[in-house]
Amino acid sequence: MVSNDRFRELVAHCKEYGFVFPSSEIYDGLGAVYDYGHNGVELKNNIREYWWRSMVQMHENIVGIDAAIFMHPTVWKASGHVDAFQDPLIDNRDSKKRYRADTLVEDYLARLEEKAGKEIERARKRFGDRFNEHMFRQTNERLQQLEQQMNDVRRRLQEALETNDLEGLRRLIDDCGIADPESGTRNWTEVRQFNLMFATQLGAVSGESDTIYLRPETAQGIYVNFLNVQKTSRQKIPFGIAQVGKAFRNEIVARQFIFRMREFEQMEMQFFVRPGTETEWYETWKQRRMDWHRRLGFDPDAYRFKDHLKLAHYAKAACDIEFRFPFGFKELEGIHSRGDYDLGNHQKFSGKKLQYFDPDLGSSYVPYVVETSIGLDRMVLAVLSASYAEEQVPKADAEESSSRVVLRLPSVLAPVKVAVLPLVARDGLPEAARKIFDRLKMFCRCYYEEKDTIGRRYRRQDAIGTPFALTIDQQTLSDETVTLRYRDTLHQDRISVRGVEQIIQEKLDWRQWLA
Ligand code: GAP
């Protein structure tokens with residue numbers, strides 16, 4: 001199945017099985033705003049818990065906070081967001097669609113990369129075992145032209161973004177011959193800057209001075225609380241502050257489902273270090289974060305690092321962990337070395353000292369910051385797309401159909417851990433199943449169902465990623481054993497109810513995900 005189809009299937013699946021709904025759908029929705037359904041909220045909570053435990057529980061030098069969304073308006077002056085948190089936008093006069101100008105160029109680059117990849121694949125097939133990719137790259141004229149073209153475009157894009165050269169960006173779009181994907185025309189407007197923050201009023205009287213912003217990142221709530229937390233938690237540098245919370249951005253391009261939303265959740269950790277040690281910590285956190293992703297057990301090649309072409313206004317060094325979404329490799333998480341940019345500016349704008357006295361040095365300084373920042377919703381999408389599979393299964397398991405849609409979710413992330421299914425809804429089986437359900441629900445989220453054939457019930461549980469299903473039958477009444485079915489292998493074991501409890505507890509033990 002081609003990626004676009006696969007993505008459409010996934011979006012439809014999310015709605016059908018109660019993971020994600022368009023916001024206010026009965027009013028035709030609201031652009032790039034989504035609601036989580038009964039399974040989506042569980043998955044999201046579990047991912048949040050995986051992140052929080054890895055950060056806060058596993059590091060004695062990281063503590064959490066929960067800062068308010070509304071903040072003093074000067075925060076956003078000091079942070080640079082009022083002046084610099086903007087994207088270059090461009091409109092197509094025919095389709096009336098609005099795009100991020102830099103994204104149009106990046107998409108163009110991705111198409112060139114794909115072309116180059118195809119050239120290489122064709123040659124690989126032609127030459128078989130004798131194929132030497134390095135040599136081919138060095139000698140193939142067509143490929144060299146493509147590489148040259150890509151380097152040229154990358155250089156011009158970087159220059160235009162770094163120097164804020166909007167005319168240069170517009171010229172680049174013209175020179176690349178980029179057409180609007182919607183109308184197919186090149187009838188573009190000029191490129192303009194657009195601030196992404198949502199503004200609102202505080203209190204009853206409106207006026208300039210009352211304008212406040214919905215936070216575009218959670219990080220600032222951590223910086224303004226730096227001293228409060230350091231003093232009350234008695235942490236010594238290096239230490240980190242973690243936070244999960246909502247952020248808001250008036251995104252220009254509102255596509256790709258929960259990948260880019262206008263209201264979303266971030267999981268951010270700001271790590272405060274002694275100046276001069278930031279590069280070491282930046283490398284450490286890059287590796288730790290990559291390990292966190294890979295520990296989930298999905299294809300390790302679905303993740304890669306990518307250094308930023310254009311650094312955000314606050315960053316000294318920055319990279320993304322990219323994930324292979326159905327629509328290509330895209331940013332999942334950012335790791336940024338922010339220097340003393342934020343604390344330094346808050347110190348300047350507030351007039352309050354935001355310094356740390358380092359007992360080892362016997363002097364005070366404004367700490368440097370290394371930040372890890374991941375979108376919770378984007379992580380939900382990454383997990384769902386990595387887990388989603390359509391596959392053939394043996395008739396015995398399916399009863400009626402020989403294919404299934406399954407979410408191969410890591411068991412700790414699954415919305416429901418165990419389905420408890422009496423084989424038939426009579427002969428005392430529902431009562432016995434209920435008893436088992438009541439015991440298991442004490443330590444994990446279970447689901448009880450007695451309607452429909454067992455095959456259909458298995459299918460429904462596969463579709464939401466339930467890792468274990470227990471079937472209760474006549475034999476259960478006499479010997480207290482049940483059939484334990486594993487989602488991924490379809491393997492079934494006859495096992496005592498006590499044995500089931502032990503197996504499930506072991507499989508859901510956080511230790512194996514946090515180690
Ligand atoms: N505090 C740094 C910061 O906010 P960012 O790269 O702008 O950095 C960090 O955002 C992460 O937040 C991204 O890697 C992405 O996962 C998530 N994110 C950003 N904008 C988003 C949006 N509009 N919708 C969903 N997630 C978003």
Side-chain angles (χ1 to χ4, degrees), residues 20 23 30-36 44 47-48 51 67 69 71 75-76 78-81 84-87 100 102-103 194-198 213-224 240-271 282 285-286 289-290 292-293 303-323 325 327 329-339 341-343 345 369-385:
V20 182
S23 157
L30 184 66
V33 186
Y34 290 90
D35 300 335
Y36 285 86
K44 196 175 169 193
I47 294 175
R48 191 191 285 112
W51 185 87
I69 288 172
M71 300 183 76
V75 166
W76 305 110
S79 70
H81 283 82
F85 191 55
Q86 43 202 15
D87 281 340
R100 264 178 67 169
D102 54 336
T103 308
F194 175 76
N195 193 296
L196 301 182
M197 280 199 296
F198 283 103
Y213 299 97
L214 297 186
R215 66 180 179 200
E217 62 170 7
T218 61
Q220 298 303 323
I222 293 179
Y223 300 135
V224 298
I241 305 179
Q243 175 170 221
V244 182
K246 290 267 183 174
F248 304 83
R249 295 184 189 178
N250 199 358
E251 296 286 359
I252 298 165
V253 182
R255 285 194 302 254
Q256 294 169 327
F257 193 41
I258 55 173
F259 179 81
R260 197 178 300 288
M261 303 157 87
R262 295 199 165 107
E263 173 183 340
F264 57 101
E265 229 168 311
Q266 285 186 317
M267 306 190 285
E268 297 200 304
M269 194 279 296
Q270 314 297 319
F271 202 69
Y282 175 64
W285 278 108
K286 272 174 74 173
R289 293 306 301 147
M290 185 58 101
W292 182 85
H293 287 285
Y303 307 88
R304 68 181 187 192
F305 285 115
K306 186 176 174 204
D307 287 328
H308 280 200
L309 265 185
K310 185 201 175 201
L311 292 178
H313 59 274
Y314 50 72
K316 284 194 171 350
C319 73
D320 293 335
I321 292 177
E322 290 194 333
F323 177 75
F325 287 97
F327 38 82
F329 268 102
K330 296 273 177 206
E331 172 184 353
L332 172 57
E333 168 156 11
I335 295 126
H336 313 126
S337 181
R338 297 177 73 134
Y341 177 88
D342 301 272
L343 288 184
N345 274 348
V369 169
V370 174
E371 165 184 73
T372 73
S373 175
I374 175 169
L376 175 50
D377 312 85
R378 213 170 268 192
M379 185 64 191
V380 170
L381 184 58
V383 166
L384 282 170
S385 37

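Whatever order the structure lists them in is the order used to number ligands and atoms, beginning at 1. Remember, predicted model here, so these are calculated numbers, not experimental data.
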Q: Look at E333 together with R378 and state whether they make a salt bridge at an N to O cut-off of under 4.0 Å.
A: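 Here E333 does not pair with R378 in a salt bridge, since their nearest N and O are not under 4.0 Å apart.
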Q: Taking R262 first and then E251, would you say they form a salt bridge - that is, a charged N and a carboxylate O separated by under 4.0 Å?
A: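 No.
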Q: Has ligand 1 got any nitrogen or oxygen that is less than 3.5 angstrom from a nitrogen or oxygen of R260?
A: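 In this structure, R260 places no N or O atom under 3.5 Å from an N or O of ligand 1.
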Q: What orientation do Y303 and H293 show, parallel under 30°, tilted 30 to 60°, or perpendicular over 60°?
A: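 Rings of Y303 and H293: tilted, as their planes differ by 30° to 60°.
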Q: Closer than 4.0 Å to some heavy atom of E251 - which atoms of ligand 1 meet that?
A: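 Near E251, the atoms of ligand 1 are 20 (N), 22 (C), 23 (N).
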Q: Taking distance alone, with no angle check, do A219 and ligand 1 share an N/O pair under 3.5 Å?
A: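 Such a contact does not occur with ligand 1.
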Q: Once the angle between the rings of F325 and F323 is folded into 0 to 90°, is it parallel (under 30°), tilted (30 to 60°) or perpendicular (over 60°)?
A: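 Correct class here is perpendicular.
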Q: So which bit of L332 gets within less than 4.0 Å of ligand 1, heavy atoms only: side chain, backbone, both or neither?
A: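 Only the backbone of L332 comes within reach of ligand 1.
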Q: Using heavy-atom distances only, which candidate in Q270, R249, R378 approaches atom 4 (O) of ligand 1 most closely?
A: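 The nearest heavy atom belongs to R249.
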Q: Drop me the distance from C319's SG to H308's NE2, to the nearest 0.5 angstrom.
A: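 Result: 6.5 Å between the selected atoms.
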Q: Given M261, E333, H336, identify the one with the heavy atom nearest to atom 23 (N) of ligand 1.
A: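 Nearest option to atom 23 (N) of ligand 1, by heavy atoms: M261.
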Q: With atoms numbered from 1 as shown, which atoms in ligand 1 lie under 4.0 angstrom from a non-hydrogen atom of G375?
A: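 Answer for ligand 1: 11 (C), 12 (O), 15 (C), 16 (O), 17 (C).
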Q: Any idea which protein heavy atom is nearest atom 9 (C) of ligand 1, and the distance to it?
A: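 The closest one turns out to be S373 OG, 2.9 Å.
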Q: In the protein, what heavy atom is nearest to atom 12 (O) of ligand 1, and what distance, to one decimal place, separates them?
A: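 Here the nearest protein heavy atom works out to Q266 NE2, 3.3 Å.
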Q: Is there a side-chain contact between F248 and L196 in this structure, where contact means two heavy atoms from C-beta onward sitting under 4.5 Å apart?
A: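 Counting from C-beta outward, F248 and L196 never come under 4.5 Å.
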Q: Using the six-membered ring of F264, assess whether NZ or CZ of R249 lies under 6.0 Å from its centre and within 45 degrees of the ring axis.
A: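 The answer is no, since R249 fails at least one limit relative to F264.
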Q: Is ligand 1 under 4.0 Å from a heavy atom in the side chain of H308, in the backbone, in both, or in neither?
A: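 For H308, no heavy atom sits under 4.0 Å from ligand 1.
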Q: Do Q243 side-chain atoms and A67 backbone N/O form a donor-acceptor pair below 3.5 Å?
A: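 Side chain of Q243 to backbone of A67, a donor-acceptor pair under 3.5 Å: yes, one is there.
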Q: Any atoms of ligand 1 less than 4.0 Å from a non-hydrogen atom of E268? List them with their elements.
A: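 It comes down to these atoms of ligand 1: 1 (N), 2 (C), 3 (C), 4 (O).
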Q: Which of the atoms of ligand 1 are close to R338, meaning less than 4.0 Å from one of its heavy atoms?
A: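 So the atoms of ligand 1 that pass are 1 (N), 2 (C).
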Q: For F259, take its heavy atoms, then give the atoms of ligand 1 lying under 4.0 Å from any of them.
A: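 Listed by number with element: 24 (N), 25 (C), 26 (N).
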Q: Would you mind listing which atoms of ligand 1 come within a distance below 4.0 Å of any non-hydrogen atom of G334?
A: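 This gives 14 (O) as the contact atoms.
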Q: Going by an N to O cut-off under 4.0 Å, is there a salt bridge joining K246 and E263?
A: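 Counted as a salt bridge, because a side-chain N and a carboxylate O are separated by less than 4.0 Å.
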Q: Would R289 pass as a cation-pi partner of W292, given that its NZ or CZ must be under 6.0 Å from the six-membered ring centre and within 45 degrees of the axis?
A: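 Judged by the rule, R289 and W292 form a cation-pi pair.
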Q: Quick one: does E371's side chain have a donor or acceptor within less than 3.5 Å of a partner on I335's backbone?
A: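 A pair under 3.5 Å: no.
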Q: For atom 13 (C) of ligand 1, what's the nearest protein heavy-atom neighbour? Residue, atom name and distance, please.
A: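 Among all protein heavy atoms, the one nearest atom 13 (C) of ligand 1 is E331 OE2, 3.1 Å.
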Q: Would you say ligand 1 has an N or O under 3.5 Å from any N or O of R262?
A: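 It does not: no N or O of R262 is found under 3.5 Å from an N or O of ligand 1.
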Q: Could you list the atoms of ligand 1 found under 4.0 angstrom from a heavy atom of E217?
A: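 Matching atoms, with element in brackets: 1 (N), 2 (C), 3 (C), 4 (O).
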Q: Relative to the heavy atoms of E371, which atoms of ligand 1 are at a distance of less than 4.0 Å?
A: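 What qualifies from ligand 1 is 1 (N), 2 (C).
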Q: Does this structure show an ion pair linking K330 with D320, if we count only N-O contacts that are shorter than 4.0 Å?
A: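 No, K330 and D320 are not salt-bridged.
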Q: Which residue supplies the protein heavy atom nearest to atom 26 (N) of ligand 1, what is that atom called, and how far is it?
A: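 Here the nearest protein heavy atom works out to F264 CD1, 3.5 Å.
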Q: Could a heavy atom of R215 be found less than 4.0 Å from some atom of ligand 1?
A: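 Under 4.0 Å: no for R215.
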